[in-house]
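These notes are about the structure you will find just below.
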Protein chains: 2
Amino acid sequence: MLKKRNVMTIGTLAKTAGVGVETVRYYQRRGLMSEPEKPYGGIRHYDEQALARLHFIRASQWLGFSLDEIGELLTLQDGAHCDEARELGEQKLTSVRRKISRLQQVERALNELVQKCSSGHGDVYCPLMASLNDGVEDATTDKHKVR
Amino acid sequence: MLKKRNVMTIGTLAKTAGVGVETVRYYQRRGLMSEPEKPYGGIRHYDEQALARLHFIRASQWLGFSLDEIGELLTLQDGAHCDEARELGEQKLTSVRRKISRLQQVERALNELVQKCSSGHGDVYCPLMASLNDGVEDATTDKHKVR
DNA sequence: ATTGCTTCCGTAGTGAGGTACGGGTCTAAG
DNA sequence: CTTAGACCCGTACCTCACTACGGAAGCAAT
């Protein structure tokens, strides 16, 4: 082994990871990736570690972690902080579950409204609109606070 | 009957609907609500119609419509466009269902990772971190494109 | 009449996660 | 040698739905 590190420019790195060059630079500004030293006069080069870091970031994002949270995860990188990492994971899991059940409520309400519209009616009015007008049955006591 | 319209200032209107004054003004700027004429020298007043409009907007938001989409819904207000409204509702329903199933994938992946962390391991490494490092099993072929 | 809360209005800032621009420098191909 | 295409870097801009700011003017109670 001892294969020579396969070296990339930022463009190649970005393409390989499926993100834009600007995105990589943005992660560097956010402190999620380091900027390699640039050799006299020119272009920085990146290795598989940089690529792995990018994969880590995207995987974490896919799980719903924000870039700030990913920064936190990255400080736990050495494996000695498994408990903290699990804690973060559990919090995220909870928030994902909340989102799911909220969306399921929305699904039920919306489905019902659409059904009512489809099943022919007096024509003079629209059940969906009517419901919107008086607040949609089912905002199950968490009125307001949409965001 | 013929009860005199119960008249409100913007502050009362906003509080009654559970939103901020600035939010009402914002909706006016967005064209979702009209600004009543102001009587010589001063303060505009709002009636139940304005309140109903605010309820309509919040109910629609709760269902996942964006303010732009709500503007569109509002043009269909007269009940004669039930088909168009239903169409919009169906599109939204589809997108809600997509979100749900995406989140359910995330839930499964995250749950598995957290479980692995909890069930004691060699200590030298963290299963969650390890998975993040090599991309999380289960990004089920929709790699990248998190947003 | 003075205090003190609202309203009015335009403009600007927030947060998240980027994307775009523009001017300058490098490098590789022809 | 020239030219096309990366790269470097800072700064500005984008979307979405608000939220804040600041000064002037109105209104209600003391």
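In the text below, chain A, chain B and the rest are named by the order of the sequence lines, each starting its count at 1.
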Under the salt bridge (charged side-chain N to carboxylate O under 4.0 Å, His left out) rule, what do B:Glu69 and B:Lys92 come out as? Steps first, then yes or no, please.
-> CA-CA 10 Å; B:Glu69 289 167 329; B:Lys92 193 50 60 179; 3.0 Å; yes
Write down the distance between CD (B:Glu22) and C1' (C:dG10), rounded to a whole number of angstrom.
-> 11 Å
Going through the distances and angles, do B:Arg97 and A:Glu107 end up as a salt bridge (charged side-chain N to carboxylate O under 4.0 Å, His left out)?
-> CA-CA 7 Å; B:Arg97 286 177 173 152; A:Glu107 203 254 70; 3.5 Å; yes
Pair B:Leu132-A:Leu63, side-chain contact (heavy atoms from CB on, under 4.5 Å): steps then yes or no = CA-CA 9 Å; B:Leu132 288 175; A:Leu63 290 174; 3.9 Å; yes
Rounded distance [0.5 Å steps], OG1 in B:Thr23 versus CZ in B:Arg25 | 11.0 Å
Within a radius of less than 6.0 Å around CD of B:Glu72, do more than 12 heavy atoms belonging to other residues, nucleotides or ligands occur?
-> no
So, is B:Lys38 near the phosphate of D:dG26, with a side-chain N or O under 4.0 Å from OP1 or OP2?
-> no
Dump the intermediate steps for side-chain contact (heavy atoms from CB on, under 4.5 Å) on A:Tyr27 and A:Arg53, then the final yes or no.
-> CA-CA 10 Å; A:Tyr27 291 164; A:Arg53 173 60 59 97; over 6 Å; no
To the nearest angstrom, how far is B:Gln61 atom CD from D:dC16 atom P?
-> 13 Å
Report, as yes or no, whether the 6.0 Å neighbourhood of atom CD on B:Glu112 holds more than 12 heavy atoms from other residues, nucleotides or ligands.
-> no
Pick out the pairs of N or O atoms, protein on one side and nucleotides 4-7 of chain C on the other, that lie under 3.5 Å.
| from | atom 1 | to | atom 2 | distance (Å) |
| --- | --- | --- | --- | --- |
| C:dT7 | OP1 | B:Thr9 | OG1 | 2.5 |
| C:dT7 | OP1 | B:Gly11 | N | 2.9 |

Contact list for DNA chain D against residues 23-31 of chain B - heavy-atom distance below 4.0 Å | B:Thr23, B:Tyr26, B:Tyr27, B:Arg29
Please report, rounded to the nearest Å, how far the C1' atom of C:dG17 is from the CE atom of A:Met33.
-> 16 Å
Atom CZ of A:Phe65 and atom P of C:dA16: how far apart are they, to the nearest Å?
-> 16 Å
Atom-to-atom span, NE2 of A:His45 to P of C:dC26 - whole angstrom | 15 Å
A:Tyr46/A:Leu54 under side-chain contact (heavy atoms from CB on, under 4.5 Å): CA gap, chis, key distance, verdict = CA-CA 11 Å; A:Tyr46 298 82; A:Leu54 230 24; over 6 Å; no
